[in-house]
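The block underneath contains the structure these notes are about, expressed in structure tokens.
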Amino acid sequence: MAWQGKILRVDLTNLSAKEEPLNMAWAEDYIGQRGLGTKYLMEEIDPKIDPLSPDNKLIFATGPMTGTGASTGGRWSVITKGALTGAIACSNSGGHFGGELKTAGWDMIIFEGRAPKPVYLYIQNDKVEILDADGFIWGHTVWETEDMVCNRHHDPEIKLASIGVAGEQGVKYACVVNDRDRAAGRSGVGTVMGSKNLKTVAVRGTKGVSVDDPKKFLAVSAAASAKLNATADAKRRSAVGTMAMMDVTNSWGCLPTRNCQDVQFEGAHNINVAAMLRIRKSDGKSNLKTNKGCFACTIACGRVSVIDPTHFSIRDKGDKYKGAEGGLEYEGGFALGPFCGVDDIEAATYAQALCNEHSMDPISFGATLGAAMELFEIGAITTENTGGMALNFGSAEALCWAAEVTGTQQGFGKELGLGSKLLCEKYGHPELSMSVKGQEFAGYDPRAMQGMGLLYATSNRGACHLRGAAWTEDFTDVSTIGRAPAVKTAQDGMAMYDSTGLCMFARGGIGNDGLLDQLNAGLPGTWDAERLTITGERIWNLERQFNLAAGLTSADDTLPKRMLEEPAKTGAAAGKVNMLGDMLPDYYELRGWTKDGVPTPETLSRLSLS
Amino acid sequence: MKLDISIVSMVGGATGASGIHDMPDGTTANGVIAILDLPTEETYALMVNDMPVAVPDRDSYVLNDGDKVTIFPPIQGG
Ligand code: SF4
């Protein structure tokens with residue numbers, strides 16, 4: 001029935017693990033993955049705890065469709081209290097790890113406590129072992145860890161979700177990386193994993209996943225894939241990937257450039273899709289080699305790149321970075337490129353590779369470096385602080401150096417590992433951190449995308465474009481008209497979709513009908529559109545309750561001063577700021593929250609939340 | 001009249017349509033999308049001389065000789 005009906009509870013403090021039944025009543029109310037993981041977290045921890053204390057829990061959760069063969073059904077999430085934000089964190093990843101975990105017989109893993117020494121978890125179907133990582137993989141990169149664990153256990157098919165040194169050593173925006181280059185990227189979920197002395201989760205599953213009505217399921221999932229493949233959006237994603245966005249944001253004037261001092265980047269043509277495809281003089285090849293997909297995905301939007309072997313960043317490093325690895329996605333691309341004023345695509349690809357191997361969120365890393373560059377240019381950070389490196393905007397050398405020292409936590413890399421909020425506070429300019437709730441912006445400047453500003457401000461995990469953007473409205477005009485209802489609807493929709501196990505990139509193509517067909521063939525019981533909508537809203541409000549209980553208030557639903565007071569210099573919104581104050585009261589009202597952003601008793605009762 | 005048209009971020013196979021186009025006087029913003037025969041399942045973002053033109057205004061928005069028109073489908077990052 002799509003679920004295995006089992007969760008694995010791992011007590012790291014006592015190095016023991018036990019099986020528990022999945023709470024099916026909660027699965028009915030919260031679907032799975034993001035919603036269900038959040039429900040478990042909310043029930044099991046006090047939201048006020050220090051995210052890096054043993055009291056925090058770390059949940060690896062699949063959705064009901066994960067591993068079933070549903071169209072794009074390979075997604076899984078990490079849910080915890082975020083190290084970067086102190087708010088609810090849920091980071092979603094693709095690749096093959098989630099499907100493997102489900103196939104091994106587990107819907108979810110809950111990690112509690114802190115291991116007395118570095119360990120890793122090795123799962124072969126029902127067999128679960130907590131093994132010593134010290135003197136073995138601790139201190140190694142994600143990529144080395146994957147190779148070493150597969151070698152030790154003589155199984156190249158093991159799938160791993162790991163942290164690198166950045167996660168071990170407390171970089172605030174460390175992520176969890178699986179399958180070499182897919183990541184549960186945001187909010188410092190890898191930092192929490194590191195605080196638990198947990199290096200990797202290695203899984204091998206051969207059990208398979210059953211569904212409620214296999215014949216029907218096969219038919220509806222094939223139909224969903226066919227429908228998806230026929231859309232222009234899927235074709236575009238497959239051909240050009242997410243990096244296609246850079247030309248869009250640069251044309252519109254919402255490409256965050258030089259720590260959001262600018263909204264258009266003069267060097268975008270050197271770091272966009274066309275640049276990825278351009279034939280290099282040095283080796284006659286292009287940066288982009290091919291594309292690849294996650295489990296059960298027919299879009300295959302992932303980029304695979306080869307860095308120019310003559311580029312200064314890698315030419316003296318032997319063969320290490322000369323093979324094909326995960327290439328630039330838009331969110332990493334904007335942060336490692338325009339946000340730092342860098343237009344060297346090979347340098348950005350190298351920095352992206354380092355983010356993957358050391359387990360750093362490339363958005364937060366790039367955006368923190370961008371903030372450091374502005375601090376450097378105004379003299380708040382000097383070469384004395386950095387140990388000699390000049391952190392000027394546009395310096396590809398500084399970008400590559402910063403990725404190296406942050407990933408390995410050397411020297412000034414420790415400062416960059418703080419994230420932009422703490423870094424800017426430390427150097428006396430908190431206003432220069434382009435973050436909300438401690439999490440750095442994604443690749444959209446909210447002055448030219450009013451709805452994005454409202455989304456950043458109200459996103460439960462801090463600034464994020466994936467929590468429900470008003471894409472159509474924001475790329476129609478630069479007004480605030482209709483943004484509050486559009487953002488609310490999108491937020492609820494994303495909360496629902498992130499709980500299913502499917503990829504959000506397929507949402508438009510498959511549509512609600514395709515999703516419902518697959519859920520209803522896979523699971524017992526009946527899902528309909530209304531139930532999906534209310535469940536999404538329930539999940540959003542549950543996350544809000546977590547944050548309120550953690551001590552966050554409506555004062556945290558805001559944007560950096562630069563967005564509210566410094567007009568965009570160029571582009572569609574030239575002369576304009578984000579008008580958050582015009583949208584927020586409408587948004588609270590639509591949500592059924594008080595003017596202080598607290599869900600009213602009526603709202604909670606309507607959503608069956610207490 | 002001549003219009004300088006940029007089709008950004010691959011709209012179907014239409015990227016090749018970027019360039020200077022001769023179009024009848026009185027062509028509207030929506031008229032450009034129709035003349036270029038862009039796939040109709042998309043909602044396009046459209047700018048004239050770097051300023052957005054909202055969807056409801058596109059039927060009445062008449063273009064002038066030399067206008068720069070930028071068209072792209074809104075897609076999500078990731
Ligand atoms: S669309 Fe892209 S991110 Fe989503 S499942 Fe497919 S390859 Fe993975």
Side-chain angles (χ1 to χ4, degrees), chain A residues 92 94 185 230-233 235-237 239-253 264 272-274 301-302 329-334 363 442-444 448-449 465-466 469-479 481 490 494 503-505 507-509 570-574, chain B residues 2-21 28-64 66-78:
Chain A
N92 183 308
T231 61
D233 189 50
K235 287 182 188 137
R236 185 167 50 236
R237 285 181 190 285
V240 293
T242 54
M243 274 292 275
M245 194 51 135
M246 191 168 291
D247 289 334
V248 174
T249 51
N250 198 38
S251 306
W252 193 256
Q264 290 177 310
N272 61 1
V273 169
C301 76
E329 305 292 341
Y330 175 65
E331 296 305 333
F334 104 83
I363 303 180
Y444 310 90
M449 294 178 74
H465 64 301
L466 295 175
W471 298 105
T472 305
E473 290 78 2
D474 274 354
F475 282 125
T476 293
D477 60 39
V478 291
S479 77
I481 297 167
M494 291 301 289
C503 177
M504 73 186 81
F505 289 169
R507 192 172 166 214
T570 59
Chain B
K2 297 219 183 313
L3 299 176
D4 179 2
I5 298 175
S6 303
I7 300 192
V8 177
S9 177
M10 205 186 81
V11 183
T15 314
S18 292
I20 306 291
H21 283 252
T28 63
N30 263 346
V32 170
I33 292 175
I35 293 169
L36 292 176
D37 201 18
L38 297 180
T40 47
E41 75 261 34
E42 304 264 15
T43 307
Y44 298 103
L46 190 144
M47 301 163 91
V48 178
N49 301 328
D50 297 329
M51 293 313 290
V53 180
V55 175
D57 301 335
R58 290 182 194 168
D59 273 332
S60 57
Y61 193 107
V62 177
L63 296 160
N64 294 311
D67 275 351
K68 178 179 156 202
V69 182
T70 313
I71 301 172
F72 50 85
I75 57 169
Q76 300 168 27

With sequence neighbours excluded, what pairs up with B:Ile35 under the side chain to side chain contact (heavy atoms under 4.5 Å, CB included) test?
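So B:Ile35 forms a side chain to side chain contact (heavy atoms under 4.5 Å, CB included) with B:Met23, B:Pro24, B:Thr27.
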Residues which pass side chain to side chain contact (heavy atoms under 4.5 Å, CB included) with B:Val48, listed by chain and number, not counting sequence neighbours:
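So B:Val48 forms a side chain to side chain contact (heavy atoms under 4.5 Å, CB included) with B:Leu46, B:Val53, B:Tyr61, B:Leu63, B:Asp67.
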Of all the heavy-atom pairs spanning B:Met47 and A:Ser251, show the shortest one and how long it is.
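Result for this residue pair: CE-O, 3.3 Å.
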Please find the pair of heavy atoms, one from B:Val8 and one from A:Val248, that lie closest to each other, and give the distance.
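Where B:Val8 meets A:Val248 most closely, the heavy atoms are CG1-N, 3.8 Å.
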Check each atom of A:Ala469 against the heavy atoms of chain B and say whether the ones under 4.5 Å are side chain, backbone, both or neither.
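Neither part.
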Could you check if a side-chain atom of B:Pro52 sits within less than 4.5 angstrom of a side-chain atom of A:Phe475, using non-hydrogen atoms only?
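A side-chain contact is absent here, since even the closest heavy-atom pair is not under 4.5 Å.
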Distance in Å, A:Thr476 OG1 paired with B:Asp57 CG, rounded so as to fall on 0.5 Å steps:
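Rounded to the nearest 0.5 Å, the OG1-CG separation comes out at 10.5 Å.
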